[in-house]
J.: 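For reference, the structure I am asking about is given below.
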Number of protein chains: 2
Amino acid sequence: MARKTGSHSEITGPKVRRAALALFAQHGFAAVSMRQIAAEVGVQAGALYLYTKDKQSLLYDLMQAHMDDLLAAWKAEPKGDGALAQLEAFARFHIRFHLERPDAVFIAYMELRNLSDENFAAIEALRRTYEGELEAILHAGHGEGVITAPDIRLTTMALIAMLTGVNTWYREGGRLSREAVADIYWDMVRGAVGA
Amino acid sequence: MARKTGSHSEITGPKVRRAALALFAQHGFAAVSMRQIAAEVGVQAGALYLYTKDKQSLLYDLMQAHMDDLLAAWKAEPKGDGALAQLEAFARFHIRFHLERPDAVFIAYMELRNLSDENFAAIEALRRTYEGELEAILHAGHGEGVITAPDIRLTTMALIAMLTGVNTWYREGGRLSREAVADIYWDMVRGAVGA
DNA sequence: TTGATAACTGAACACTTGTTCAAATCCAAC
DNA sequence: GTTGGATTTGAACAAGTGTTCAGTTATCAA
C-alpha cells in the first residue's frame, strides 16, 4: 500500500475551513477570493479543490456545520423542569454558544443570500428547527400559565433577535463578563414574555 | 446659454441610487457590478461615473442618506410626555420607519464592512447618535422610577436588536398588520425594561 | 531503495471587475 | 438652424475571478 490516506489532508482540510471562516466573516463571502484563502493556508489556489468542490460548497459546509453544532449542543444542554426553567436554559445557552463562535454566527446570518437555492433551503430548515425549540418552550409556558405573551411566533422571533444581538456589541475583556450579560438578558427575556 | 443644468441628470441620478439600493440589498455590495447597476438603469457602465465618484461612494451615500433620514424622522416624531410615553413612541417609530424601507435597512446593517475606514466611522457615529436617543429615554425612565432595567446600555442594545429584527421576518400582507406587530412588540419592550 | 499514491504547484482558461476617456449624441436657448 | 454644454456611448485598460489539469514533489509501505 501507499502512505496512509490523508496523512496531510487531515491537517490542510481544517486549515482551509478555518481560513475561509475567518476571511468570510471579516470581508464577506463575495469579497474573498480563493487565492486569498489559499494564501492564508499557505498553499496555491488549485490545492483548495482537493478539499472543497467549489467556493459555494465551502460556504455551505461552514454554515451547515455551524447549524449542526448548534442543534447538537442544544440537544445536549441540561434544561431543567418546567417551561420557565427551560426558557432560562435556552437564553443562557444561546448567548454562550453564540459568543463562543462569533465568526460562524456572523456568516450564518449574513451570507444566506450567497447560497444557492437548494443550499439556502437546507440551512433555512435547520434554522427553523432551532427556532422551533424556543417556540415549543414558549408554547409549553403558555399552557402552564407562566407566560402571558400574546403571540408565540412573534415572541420567538423577538427573543432570538434580542439574544443574537449580543454578538454585535460584546467584546471580550469588556465591562461585563459573559455570565453577567446572560443574567441581565435573562431578566429582559423574562420580562418580555410577561413572566 | 445651453440647456438647463441637469435636465437629465435629475432623472438618471435618482434612478442610479434606486437601482443600486435594490441590487445591493438583494445580492450584496461586493456581488453587484457597476455593469449590473447600469443595465438596471438602462445606461452604459461609464455613465454611472457622472453620478458617483466610485462604487464605494455609491454605497456610502446610500447609507448616509438612510441614517440622515432616520435621525431627521425621529426628530420630527411626536413623542409625548414622560419616559414611558417616549419609549412607546420610539418603539413604534422604529418599527414603522424600518418596515417602510427594508432595502436601506438591510444595507445599513450588512454592508458596514464594505465601507472604507473613514466612511465606516462616519456611519458608525450616526448609528451611535440614534442609539443615544433611546439610551437617553431609558436613562430618564430610570430617573422617573418607571424602569427597573439594571443596565441601560445593554437594554438599549437589546431593544434595538429586538425591534430591528422585525425586518427579518415581516412580510407585507401577512398574518398581522404593522400596527398589530407594533402593539405586540411594545408590550414586549415594556416587559423587558420592567415597566 | 523502490514504487505507488497523496498532496501540491504553476500555468493556463475564459471571463468579469472598476474605472477612464475621446468621441458621439442630445437638446434647450439663441 | 446653429451653437455649446450636458449627457451618454463604447471601447479600452490592467488587474482579478473561479476553476482545471498536466506535471512535480513529498511521504510512506514494502
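Lettering follows sequence order; numbering is per chain, from 1.
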J.: I want to check one thing: is the phosphate of dT7(D), taken as OP1 and OP2, less than 4.0 Å away from some side-chain N or O of Y51(B)?
T.: no
J.: Heavy atoms, side chains only, cut-off 4.5 Å: are T155(B) and I147(B) in contact?
T.: no
J.: Between P on dC21(C) and CG on L50(B), what's the gap in Å once rounded to a whole number?
T.: 13 Å
J.: Would you indicate, yes or no, if dT7(D) has its OP1 or OP2 atom less than 4.0 angstrom from a side-chain nitrogen or oxygen of T12(B)?
T.: no
J.: May I have the distance from M34(A) (atom CE) to dT20(D) (atom C1'), rounded to whole angstrom?
T.: 12 Å
J.: Hey, can you pull the donor-acceptor pairs under 3.5 Å for the side chains in residues 64-73 of chain B, sequence neighbours left out?
T.:
from, atom 1, to, atom 2, distance (Å)
Q64(B), NE2, Y60(B), OH, 3.4

J.: The side chain of S33(A) is closest to which nucleotide in this list: dT17(C), dG18(D), dT8(D)?
T.: dG18(D)
J.: Taking atom OG1 of T156(A) and atom NE2 of H139(A), what is their separation to the nearest 0.5 Å?
T.: 11.0 Å
J.: What nucleotide, of dA12(D), dG18(D), dT20(C), holds the atom closest to the side chain of R35(A)?
T.: dG18(D)
J.: Tell me whether E111(A) is salt-bridged to K55(A), with the criterion being a basic N under 4.0 Å from an acidic carboxylate O.
T.: no
J.: Would you check, one step at a time, whether the test salt bridge (charged side-chain N to carboxylate O under 4.0 Å, His left out) holds for R178(B) with E172(B)?
T.: CA-CA 9 Å; R178(B) 292 181 185 181; E172(B) 218 60 49; 3.1 Å; yes
J.: Please output the side-chain donor-acceptor pairs of residues 26-50 of chain A that fall under 3.5 Å, not counting sequence neighbours, one pair per line with the distance.
T.:
from, atom 1, to, atom 2, distance (Å)
S33(A), OG, R35(A), N, 3.4
S33(A), OG, Q36(A), N, 3.1

J.: Does anything in residues 36-48 of chain A reach DNA chain C, meaning a heavy atom under 4.0 Å, and if so which residues?
T.: V43(A), Q44(A), G46(A), A47(A)
J.: Quick check for you: to the nearest 0.5 Å, what is the distance between L21(B) atom CG and M63(B) atom CE?
T.: 11.0 Å
J.: Near DNA chain C, which residues from residues 53-62 of chain B have a heavy atom under 4.0 Å away?
T.: D54(B), K55(B)
J.: Tell me the interatomic distance from I11(B), atom CD1, to dT8(D), atom P, rounded to whole angstroms.
T.: 9 Å
J.: Between F29(B) (CZ) and dG18(C) (P), how many Å, whole number?
T.: 8 Å
J.: Could you pull out all donor-acceptor pairs under 3.5 Å where a side-chain atom in residues 187-195 of chain B meets a protein atom, sequence neighbours excluded?
T.:
from, atom 1, to, atom 2, distance (Å)
D187(B), OD1, R190(B), NH2, 2.8

J.: Apply ring-ring contact (aromatic ring centres under 6.0 Å, His included) to Y130(A) and list each qualifying residue two or more places apart in sequence or on a separate chain.
T.: F90(A), H94(A)
